[in-house]
Amino acid sequence: MSEKTPQRVNDFVVKLANVNGTGSASANGLLMKTIFRMGVPVTAKNFFPSNIQGLPTWYEIRVSKDGYQSRSGRVDLMVAMNAQTYANDLAEVTAGGYLLYDSSWPRDRQLKRDDIHLLGVPLAKMVNQQYSDPRSRILFKNIAYVGVLSALLDLDPAVIDEILDQLFARKTSLLEANHQAVALGRDYALEHFECPLPIRVEPMDKTKGHVVIDGNTAAAMGCLFAGASVGAWYPITPSTSLMDAFKSLCERYRIDPETGKNRFCIIQAEDELAAIGMTLGATWSGARSFTPTSGPGLSLMGEFLGLAYFTELPLVLFDVQRTGPSTGLPTRTQQSDIIAAAYASHGDTRHVLLFPKDPEECFYLTVEAFDLADRLQTPVMVLSDLDIGMNDWMCPEFKWDDNYRPDRGKVLRREELDSADSFSRYLDVDGDGICYRTYPGDHPKGAYFLRGSGHTANAKYTEDPDEYTDLMDRLRRKWETIKSYMPEPVLHSRNKAVAGVLACGSSDGAVQEALDRLEEQGVPMDYLRVRAFPFNEQVEAFLAEHERVFVVEQNRDGQLKMLLLNESTATREQLISVLHYNGFPLSSDSVITQIQVAMSARGAAA
Amino acid sequence: MSEKTPQRVNDFVVKLANVNGTGSASANGLLMKTIFRMGVPVTAKNFFPSNIQGLPTWYEIRVSKDGYQSRSGRVDLMVAMNAQTYANDLAEVTAGGYLLYDSSWPRDRQLKRDDIHLLGVPLAKMVNQQYSDPRSRILFKNIAYVGVLSALLDLDPAVIDEILDQLFARKTSLLEANHQAVALGRDYALEHFECPLPIRVEPMDKTKGHVVIDGNTAAAMGCLFAGASVGAWYPITPSTSLMDAFKSLCERYRIDPETGKNRFCIIQAEDELAAIGMTLGATWSGARSFTPTSGPGLSLMGEFLGLAYFTELPLVLFDVQRTGPSTGLPTRTQQSDIIAAAYASHGDTRHVLLFPKDPEECFYLTVEAFDLADRLQTPVMVLSDLDIGMNDWMCPEFKWDDNYRPDRGKVLRREELDSADSFSRYLDVDGDGICYRTYPGDHPKGAYFLRGSGHTANAKYTEDPDEYTDLMDRLRRKWETIKSYMPEPVLHSRNKAVAGVLACGSSDGAVQEALDRLEEQGVPMDYLRVRAFPFNEQVEAFLAEHERVFVVEQNRDGQLKMLLLNESTATREQLISVLHYNGFPLSSDSVITQIQVAMSARGAAA
Amino acid sequence: MSFISKPKVGHPALQRNELGLWQRDYEGTISTLCAGCGHDSISAALIQTFFELSIEPYRVAKTSGIGCSSKTPAYFLSQSHAFNSVHGRMPSVTMGANAANSSMIFVGISGDGDSLSIGMGQFCHAIRRNLNMAYIIENNGVYGLTKGQFSASADIGSTAKKGEVNNQKPIDAALTAINQGAGYVARGFSGDKEQLVPLLKGALRHKGMALVDIISPCVTFNDHEGSTKSYAHTREHYHQLEQTDFVPPAEEITVSSEGRELTPVRLHDGSHILLRNVEKDYDPRDQAGAFAYLKNCQLRGEIPTGLLFIDENSIDFHERNNTIETPLIDLDHEDICPGADVLAEMLGRYR
Amino acid sequence: MSFISKPKVGHPALQRNELGLWQRDYEGTISTLCAGCGHDSISAALIQTFFELSIEPYRVAKTSGIGCSSKTPAYFLSQSHAFNSVHGRMPSVTMGANAANSSMIFVGISGDGDSLSIGMGQFCHAIRRNLNMAYIIENNGVYGLTKGQFSASADIGSTAKKGEVNNQKPIDAALTAINQGAGYVARGFSGDKEQLVPLLKGALRHKGMALVDIISPCVTFNDHEGSTKSYAHTREHYHQLEQTDFVPPAEEITVSSEGRELTPVRLHDGSHILLRNVEKDYDPRDQAGAFAYLKNCQLRGEIPTGLLFIDENSIDFHERNNTIETPLIDLDHEDICPGADVLAEMLGRYR
Ligand SMILES: Cc1ncc(C[n+]2csc(CCOP(=O)(O)OP(=O)(O)O)c2C)c(N)n1
Ligand SMILES: Cc1ncc(C[n+]2csc(CCOP(=O)(O)OP(=O)(O)O)c2C)c(N)n1
Ligand code: SF4
Ligand code: SF4
Ligand SMILES: [Mg+2]
Ligand SMILES: [Mg+2]
């Protein structure tokens, strides 16, 4: 066996290799939550296949006393529960790390590596002795390895028990069996291994005021609180759970107490074309309405997005990005719909994009998305991704201000129309390119004819070249106005920064960590996290201040960089791409390596 | 009345204002063709509404001894046959020009302008005396004004007669009446006006070896000669006439002489999603296949385009661009689908674009499009526009080399497969990123599984990050290969050029003329007409050689410029947009003015 | 259309309706369709319908797709709200608008191309949802606006203007709706306003999906000999199943002397459609019977018109989905935002 | 699926077929569907079908959309060509492939979500065109791959795993196909291979659109009590209209002693489907009758299976369109390129 493992208290990665459809998800969640409740910052990434049952799946838990949320590139302890992937799982363990496997069957030939520690536990045997029905055997094997890990990692058994008690409060029949399975594993480990391992958990106080939540649920909460009342969608991974969450929230918090009826309307459309059509019908009518989708759905929505841009309909669209192109890898993450979203549809179109970095921002930016869509009367697309949307992230608890009232933007309702002389839907009264709108049925004076063909300020049909040009120029003017409404980017400055880094969305965690490491190596860098497109002055200022800017993004073609080249004063020489696009979330080490390589290449060239 | 009109022999513009659905199209075509047959270069633009009957329509004939094809911005003679548009039509006549109107009713109050000549002809009266049925009265009024113009412009009556004889060879009943109507108008003009006018036609010898044809027909001929056998489409203006033309060509030249059966298959799909799906099914099967569409259709094809990119299916798509966004102005022209086409679909996708400048290039580039699609195994989009597609252009006759054989690219057919050891659909055997494909049903060894999800070199399903990355990287490598296959841009150099101009497609005529004028004004410029995306070395060389490059294009957002910023070494400072997007074809004077303004602004700033 | 403005559509209508409005208050802008186009007669019928039903124009939401037919919303009720969407997607837009504000009166106008080709999926699914709307198909067997290609409703053997023969089976909008279980399925003819107006009234009053498939000849591209959607052909093969009358809620139904052949069909708001059978034994309440009858007509080349099918007990989308009566857009923010305390409670689950 | 490879699907098949191939030559890769998924039984039936019909695998083109069901082409005939396209668009891809090379045998695999939701338009139009293919819907009433949402074929009142009740009317694939005039409409059950195989054989041999709607339970999301597409529910309400047998062209039809209830249906290639009535008086040649019967079953909650409808005289796409017999991809360039002289002549019109 191998070198001595250094102590990694509250700073290590456990990866669990399972088979999907075997109930490992709840065991792994239990593990993560235990660490969280012990006050230690933790995140988890789930790597699952595009099928329902029987294929390999991994769950990667990162324990980080410093609160780093991204993947680090290392694996300190591998829980290898899937014989099919033994070889790869073994190879992935960082030197000096551990591999826990089920020793019920001999696996020696497969498990050859000298520089790591192997921990065999006869899980299947143990569990089969304890339980007789096949389903229990499968399920409790998972819980049993949680028990093993609790001893190895020094988890607090009381916390595990507490979580189990809460989980099975209503299914007491299962409760006892779960406790038992934990004990089974724990006892075995205590007896056979030197516990705890050098990699272990020590209670801290760093998770108070935090929650562990996924981005789709957070976005759904945002929709609920922003007052969205109509949602239309067509199921597609990884956006599906957003509407699922919205639905269950509505069923809980939006039932009329008197009548028992729904104060919401969710429509499962026949496809994405219908979903966005419904959403637009609803926003035309005056409701806050949204549609969640993913890549292929976005591609299908192109025609309607152009209509919404041209007729100036508010719209909130969530694109929970997955690995493209085409069907691609539906259960893997990427940031590769940026260009498709920004310029969706034929003709001169351009769209507002928001880039949440994690579930917390999914919540807040969702609320903002509704306000912006109404205020700007144009589609607002929230570009989340599978990593944010479906993984569990540790975030500060969301706060709500009960004084919040939706900003519905420039709307004339009954009273205003009553006293108005006349109403012209597309007249630029205020000179900012944004006009007044009305809701159908509110008032006779508010009626207008919405059409995707050429229209005048009065919403009349036109093919006149000047009237058409006026309209297009106003829309361009409006685009300038839009910039001033965009959520500001987040700047992280460092002393004597040698270059700038620019990124968006879920890349944030990896970038932040990478920049800490680079600073330690004597290479401090400023970092701007862009939160919206179009880019505003702060983005320009950052570009102006940095001769070299690394643009970190999770796609092959450098799509964020393309947007910068198109829509800011950035120059090609200034921008250096740091790309990651294999479908897994960005890890900090990949950012570090790429920046180092680029720096030395530049250095050599200079 | 007004100043004396200078002589403009073979260099003037006649514009005819009509009502659509009244049969003016054939009268106007007769006029144009007469001038053409007199050996004088001529082009015509048709401005028609998005309806079927009763709205204003214009036909603009430019007679240009120098062979300029674009609009010039002037109107020397307006034939005002639509009372509804009198006011605007009157205003549009260039000072010193003429307005011909129907004086059957008093129009004096409406026709107030001192600086032009009014020519009243009681057309309705004359025709009503001659013909009794209402339909004839409407139709022959048009023919009668051709007669009037023949006298005013000094057209050769023999040529008119000859054309009429050919047109009505099979409808002799109509022939006589047509001759009569021409004479009616001609006689009136000769009697009442001083004929010919200073603007007039003198026979030349400049149209020999030329034809007058529209781009959609030319593209259809290209499809026929390139050997396309399957076409699928959904009707949409202005692409509809492409498939109409292909169909009638096939019905004439593709009927099996023995069986009377079709050697082609044209499918009117239920929508554009189905049209492109059918096209892809057919190319997968090994046929050359294509689909014509316009903006909204392109937006609907996004998902399938991503599939085609990712699975490497050849595809020829015609996007006959119209004025967007959304339904926009369906019967007006624009070049505003460039970005939508180049990056169609979610995920990291990119597509090959070809930009024909006129019907002649529609023919040749169509043939090339099929060769390229097969060779490169990826969608090739021919970005034509309404101006090219539906207007009549004068072009050199197309030539065909009977030695031409389709370049089907890397295909293994029965014989090759017979002797092959094995076949891997996505294996980069030659290192150029392009792999070998097979046709279904050809040979057992050729079978493979095509899928839009992750796939290995063997066309097996994969979610493996490395296999996925390999695939994406190879596609990127292939993109580099593609550049070397792109049709070369066309360079027009001038001595001591002070700047460069870059444009694509139908802007060519206006740019060429503008640059002639600018050179006369002492501002010579080099001009590069880009014919394809991705850009190749020649484009780079041009950019490298010119500090300032005016990018002329027919859209609001500078989409070609965006492509250059993204995909070449061009810098933002270097590129100056010259934009035109009111729905009418680009005119040379608009190019001149904008360049002048930009030059002087730059000059002042410098 | 012609430049010299036509006389406003409809009768001179010297009467005001219950709201005190004139018929001309229900008119639209001047049509830009071809003179004689069937679609314009449908606009006229719609004007009369809304006028006679005394509906406040601003309470009406007109939706459409793309096509000559889809331009119709411009030609009636100019004081109403309209959403002229994209090709084939009127149903989804209407669904969303209805979800947000169920108190409006929804009338969707579509063409045979718009609904049966590109829109076939949305058409079927709008029926499936039993969306509360009047769904009007102005059916001419061609794509008018793109100049005369066959549409999916063109009959086998029908010829195009230049002689081409259609060789594909038609999609029958009414049969599709009946098969899918729409609660109200009628067929009319733009040339027979007398029959059309009561059918339209019934469609507006029916709660749930009410399809009115209206043969509406295209004079420019499909009114020649050989076309089975021409005025002449339609008139010749026109087969009225019933005489139809609409009786508003308040009025009593007077069963005339020929009472025994008279079927009153009650609609959700208490109004009735009175059917006087022409075709004996035709029962518009019998789904399978209607299907069989109509298939037979299809074979014989007959064009049955009238109320083809009705299910008086159909349950509309919102009822099925348990949506609150109050239009969602009228809910206050407090009614739908749970507030800070609930958020804190909610987050408890994620700790 | 499980990692330990399952025994290859199907009987051990100790015989070779006419081509000298073993049944295992018709198998596909190991299924990654859930153990027990109905779709895998359909793969097995397809394997048997192709094997017994002695079809050369490389002459088969398998197409599909997206869904668990649409993965099926991977699990049979691995030596065939396959096009796993995008969601809901299998029909158009098949149409194009068939246009280019009509000599292939086309089998399209779809799901209820794939064909009746997003694909409803293409489904109807493929039928309308009478595209020559076997169109298989693996119908489980849910979206399996996206984890159990109701699909458009879910029955009213059917419950989801977590208890939610479906409140929308189902779209019935078979009724839709019958209404639209498909020439061959059958329904089977993944759990009854004996009935399924002859139905599949007939579908492959029928010239034109042959729909086989197969109830195929989703064990993971729709096999619980309360689901109307579970194994248990299907078995209980299963109603076989006929016993079915497939007789290849060469073989003689032996009318057994119970001859009077036996209907031989002749297919285009001379093979026959033999139907032995279970439901007396059910006539699969009577469109309106079939419709009425099936609607009635729907009301009663019965699941009729067997050959539901056949039109032996249906005319397929290419016949209607007068396409040449030779597959278009086999035409030489000279056969389709008119050459330089013709171009010159053609251009004459434009001078
Ligand atoms: C996505 C898209 N495809 C095609 C078109 C072109 N288009 C406009 S109207 C129309 C057909 C209209 O036919 P129908 O609905 O029957 O209306 P009609 O003109 O006959 O009344 C088509 C194909 C379009 N506008 N949008
Ligand atoms: C455009 C698009 N939208 C949504 C999806 C997500 N999606 C994949 S499969 C599926 C439903 C499959 O249902 P069904 O066809 O019934 O197949 P099953 O899995 O039930 O066999 C959906 C919605 C997708 N792949 N593409
Ligand atoms: S083309 Fe036909 S459908 Fe369109 S307006 Fe004219 S007559 Fe009506
Ligand atoms: S989820 Fe359902 S349909 Fe999909 S493989 Fe599993 S059992 Fe079959
Ligand atoms: Mg029509
Ligand atoms: Mg399903």
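Every chain is numbered from 1 and lettered A, B, ... according to where its sequence line falls, protein lines coming before strand lines. This one's a predicted model, so the numbers in the text were calculated from it and none came from an experiment.
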* What is the distance from atom OG1 of B/Thr327 to atom CG of A/Leu307, rounded to the nearest 0.5 Å? -> 7.0 Å
* Asked: Going from CG on A/Leu329 to OG1 on B/Thr462, what distance comes out if it is rounded to the nearest 0.5 angstrom?
  -> 7.5 Å
* **Toward chain A, the part of B/Phe47 with a non-hydrogen atom under 4.5 Å** => neither
* **Winner by heavy-atom pair count (cut-off under 4.5 Å) against chain B, out of A/Gly306, A/Pro325, A/Gly302, A/Ser336** => A/Pro325
* Any donor and acceptor pair, going by atom type alone, linking the side chain of B/Glu303 with main-chain N or O of A/Gly297 inside 3.5 Å? -> no
* Structure fact -> Checked B/Arg322, B/Glu463, B/Glu573 vs chain A; the most non-hydrogen pairs under 4.5 Å come from B/Glu463
* Can you name the nearest heavy-atom pair linking A/Arg556 to B/Leu475, along with the distance? -> NH1-CB, 3.6 Å
* Asked: Which heavy atom in A/Tyr581 sits nearest to a heavy atom in B/Met472, and how many Å separate them?
  -> CE1-CB, 4.1 Å
* Hey, is CD on B/Glu547 packed in by over 12 heavy atoms from elsewhere, all under 6.0 Å? -> no
* Asked: Does a side-chain heavy-atom distance below 4.5 Å link A/Ile338 with B/Tyr343?
  -> no
* Please determine, among B/Arg350, B/Gln334, B/Gln335, B/Gln321, the option with the most heavy-atom pairs under 4.5 Å with chain A. => B/Arg350
* Asked: Just by distance, do the side chain of A/Ser299 and the backbone of B/His346 share a donor-acceptor pair under 3.5 Å?
  -> yes
* When you measure from the side chain of A/Arg572 to the backbone N and O of B/Leu565, does any donor-acceptor pair fall under 3.5 Å? -> yes
* Structure fact -> chain A shares the most heavy-atom pairs under 4.5 Å, among B/Arg332, B/Gln559, B/Met562, with B/Met562
* Note, B/Ser50 side chain near A/Tyr461 side chain (heavy atom, < 4.5 Å) -> yes
* Asked: chain A: which of B/Gly347, B/Gly583, B/Ser294 shares the most heavy-atom pairs with it under 4.5 Å?
  -> B/Gly347
* Structure fact -> Of the listed A/Thr569, A/Thr571, A/Asp473, the one with the largest count of heavy-atom pairs under 4.5 Å with chain B is A/Asp473
* Structure fact -> Answer key: most heavy-atom pairs under 4.5 Å with chain B among A/Ala340, A/Ala308, A/Gly452 is A/Gly452
* To do: Would you please test A/Asn555 and B/Asp348 for side chain to side chain contact (heavy atoms under 4.5 Å, CB included) and show each step?
  => CA-CA 7 Å; A/Asn555 58 60; B/Asp348 284 308; 3.5 Å; yes
* Asked: Looking only at heavy atoms, which two atoms of A/Phe310 and B/Gly328 are closest? And how far apart?
  -> CE2-CA, 4.2 Å
* Kindly indicate whether the side chain of A/Leu300, heavy atoms from C-beta on, has any atom under 4.5 Å from the side chain of B/Leu273. => yes
* Does B/Asp557 reach the side chain of A/Arg476, with side-chain heavy atoms less than 4.5 Å apart? -> yes
* Just give me the residue among B/Pro465, B/Ser345, B/Ala341 that pairs up with chain A most often, heavy atom to heavy atom, under 4.5 Å. => B/Pro465
* To do: Provide the closest heavy-atom pair for A/Gly324 versus B/Tyr468 in the form atom of the first, atom of the second, distance.
  => O-OH, 2.6 Å
* Counting heavy-atom pairs under 4.5 Å to chain A, which of B/Thr331, B/Asp466, B/Asn566 comes out on top? -> B/Asn566
